[in-house]
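The sequence lines fix the lettering, A, B, ..., with proteins before strands; numbering per chain opens at 1.
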Amino acid sequence: MKKIQIAFFIVFLIPFWCFPQTEMENEEVQDTVSSILLKNYVRMADRNLTPSVDHSTFPQLQKEFKSAHEVTEACISCHTGRADEIMKTNHWMWERIEKLDGRGEVALGKKNILNNFCIGISGSEKSCTRCHIGYGYTDKSFDFSNKLNVDCLICHDNSNTYEKKRGGAGYPAESVDLNYVAQSVGTPSKVNCGVCHFWGGGGNNVKHGDLEKALLDCDRNVDVHMASEGENMSCVECHITEKHNMAGKLYAISSENKNRATCVQCHTEAPHKDKILNEHFIRIACQTCHIPTYAKVNATKMIWDWSTAGRLDEEGNPIHESDADGNHNYLSIKGNFVYDTDVIPEYFWFNGTADHHLITDKIDTIPVQMNSLGGAYLDKGLQQQTDKPSKIWPVKVHRGKQIYDTVYNTLIQPKLSAEVKGDSAYWKDFDWHAASKAGMDYLDLPYSGGFGFVETEMYWPLNHMVSPKEKTLSCKDCHTRNNGRLAQLNDFYLPGRDKNIFLDVFGIGLVALVALGAVFHGSLRIFFRRKSSSKL
Amino acid sequence: MKKVYIYKIFERFWHWAQVLLISILMISGFEIHSSFNLFGYRTAVEIHNISAWLFLFLIIFAIFWHFTTGEWKQYIPTTKYLKAQFNYYVGGIFKGAPHPTKKLVYNKFNPLQRLIYLGLKILVIPVQVISGFLYLYFHYPVKGLELQSLEYVAFVHIFGAFLLLAFMIAHVYLTTTGHKPLSAVKAMITGWEEMSEEEVTDRVVSDIETSILKSRAQLKSTEEYSELFQVAINRAGKKVGINSLIDTRFKQAIENSGAGYFSISKDGIYNDVNETWFKLYKYDSKDEIIGQHYRLSRTEEDFAELEKHVDKVLQTGQTINHGEVKRICKDDSVGYHTLTISPVYEKSEIVGIEGFIIDTTGQLLAERELLKKQIRTDEELKKQETKKTK
């Protein structure tokens, strides 16, 4: 009997003793960075980073380049076929043909889509195409088939001296030494990508919130991957390129769930030691826990109200006003802004598909959803064109107020930029009516003459500024009764957050009743016992 | 007041392991429900999951134990005394009235307990286990078989938790309604429960009856009956701290046990018999027997054999389990019983013998009938076969 007793205790107590033990071991192991489970990745320390060739010795690059087109010609004289590759990509086309739910295939991209920042490029190409990987994209007549229009240098310059001219339709600034740059080419670095992707929307970190110049030299708290003292990874480490087609896409302009750059390509689908955390991955994107805040260093634009634009000073000159942190909060050409740093994301279900409000679409919801992310709790992978269920994603929501046609009930593409006054560009003439007419005429779209301003929203799923593991979200950030991160995402039952008020009231009531009953019954027993003993 | 052994080691282990696990599950569970913060959410989840597995493990052990020991019968609900028990809790208990039901080995629970523990076992615990495992494993769409929403499973699980908590409170309170406020808790720790004299007597009777019933049901060889009976008596005696069969409490118990008791002096004269004994011999009172020689109820040859055994006991002090013997009753009819013979000591000297008889007549006749039937059917079969071959 004694033996059985001991055996039982051993069987039941060992797990209690074991589990905390293994828990501690896990934490110790995970503390050392090198033990993170990785695939498809070679650490910087284990790489030979010396370039295999020295372009400065090539005779093709010695002749004095009179124009940027000549550089391109020199590049493709050796790198044959590369121009054809890049000319099929989004970076060149500024559009991609993708299926939109319920609308069939649509060619969409920077070329023709509207957003709630600078609205759209149409009519202002010369200024906007400073970020096009080509030369001479001055208007919609640009020749997308001419190889010599390709700008190799904007991505491959490793000298950090190349820059495109402001308002120059993609041509380099006069100051650039094309020979020096051409001889200094290599794999794209953070700088090459950042010059456009950090400065989108007219300033650092304006658009994305998680992509900005601070990533060029940051510590682990800002981004574990790009931290200078860490792996110091460049963009193309994750955005792996095949035939010049970059993996990864942004749902401000993309629609389908394909060609995405993902965490799992290196981290596997089960990167945690804890099974419960790995299970969370089934319905929660890595980004949700690992990007607790964005715009960690410099502010990002959260709100853009175009309706207040056009206020000029007494001399009729545009006004610049900044907030206490030095961020613009009013510009005559653009209206009012609200910037914010260290922003807590909003959370949405997302299955990798997005829809877009096209310029021809009627406004049927306010705020207008400039883009909308597909997904819901009940989307378990079958409803949409996805093979995986919707996941909870952290999203930057940019809220705006922008011009629309009050008669046709559509958004308006105004002409914004021009070199001189009198060309109907709003940024010069401050005349919404003329800008709207010019913009819509340029697109061969109707404009009624009546305009107003409507609230809009734009959704930017977050992917960058991944925090160190100590700073990731913990259970209680979401599994909490009030004001949790997922307080707004309530199309599903979340343990610790949700309760059924009737059930809880009933349960607590029942427990309280039983407890009171016991106290009452016990008191009666004591009372009657005293009574009977006093009789004796 | 006496102590009686009620809860076996496994039962006590099971009970306290349940207390521990249900408490841990309850605390960590309500933390997961955000009712309070104690361990931290993650630790609470981990604790809850580990304890859930241990609890399942314990349930499997307990089910196994209940079925192998037949203890599951304790949970068969009965309406007998249900009202009395209820009335006791709402009335009698205040006036110091006795418990309407006795706590016995084969009837540990009162009807209210039976009902509630059964409910606990077949309702709440499986509900918690099933909803818990659904909660744990079927809310992610990885198996092609998932819950549309965690909501209803969570509600069932939480509802079960509230019921369990209410049960625990009532249960802990009701433990104070025993002989003394802490008797029930002490019993669950040591196995021994304090009881009143009256309860002890009831218990001895029940133990002996249980043993006899068990032996009858389980054994074919009639020779083993008396042996089992002896063991049962020794155990029952030990449990309540009685060493001699002559103890009045024991005698009283034996009176009701269905076994015949006899005591014979050194020279073969009946000193005492119990009611069962003289009824088996078809006498009207024990006075007709006391003072008589035991030769009275035996055939010549049986007496000779019995005398040998009696002499052996008197000389060696051994206890003998005699096999089946034939008795001649008052009306000259014949019966059968098994028999134990033990020595009676007085100042370390053997002064006589005592023992028990268990009637086997009915069993024996039934067995004989069965045998005859068997032989007949065998013959019939043989006849049929021979006919066929012809």
Which bit of B:L174 is near chain A, if near means a heavy-atom gap under 4.5 Å: side chain, backbone, both or neither?
-> neither

Bottom line for B:V172: the part with an atom under 4.5 Å from chain A's heavy atoms is neither

For each of B:N37, B:N49, B:V45, B:L163, tally heavy-atom pairs with chain A at distances under 4.5 Å, and name the one with the top tally.
-> B:N37

From the list A:L513, A:I526, A:I508, the residue making the most non-hydrogen contacts under 4.5 Å with chain B is A:I508

So which heavy atom on A:V514 is nearest to which on B:A166, and how close?
-> CG1-O, 3.4 Å

Enter the distance from [X]:[atom1] to [Y]:[atom2] here, rounded to the nearest 0.5 Å.
X: B:Y41; Y: A:H479; atom1: OH; atom2: NE2; answer: 5.0 Å
X: A:Y493; Y: B:Y135; atom1: OH; atom2: OH; answer: 4.5 Å
X: A:E279; Y: B:L136; atom1: CD; atom2: CG; answer: 7.0 Å

Side chains of B:T176 and A:R525: is there a donor and an acceptor less than 3.5 Å apart?
-> yes

Give me the ring orientation class for A:H521 and B:Y173: parallel if the planes are under 30° apart, tilted from 30 to 60°, perpendicular past 60°.
-> perpendicular

In short, side chain to side chain donor-acceptor pair (under 3.5 Å) pairs touching residues 495-504 of chain A with sequence neighbours left out are A:D504-B:H33

Identify which part of A:L494 has an atom lying under 4.5 Å from any heavy atom of chain B, answering side chain, backbone, both or neither.
-> neither

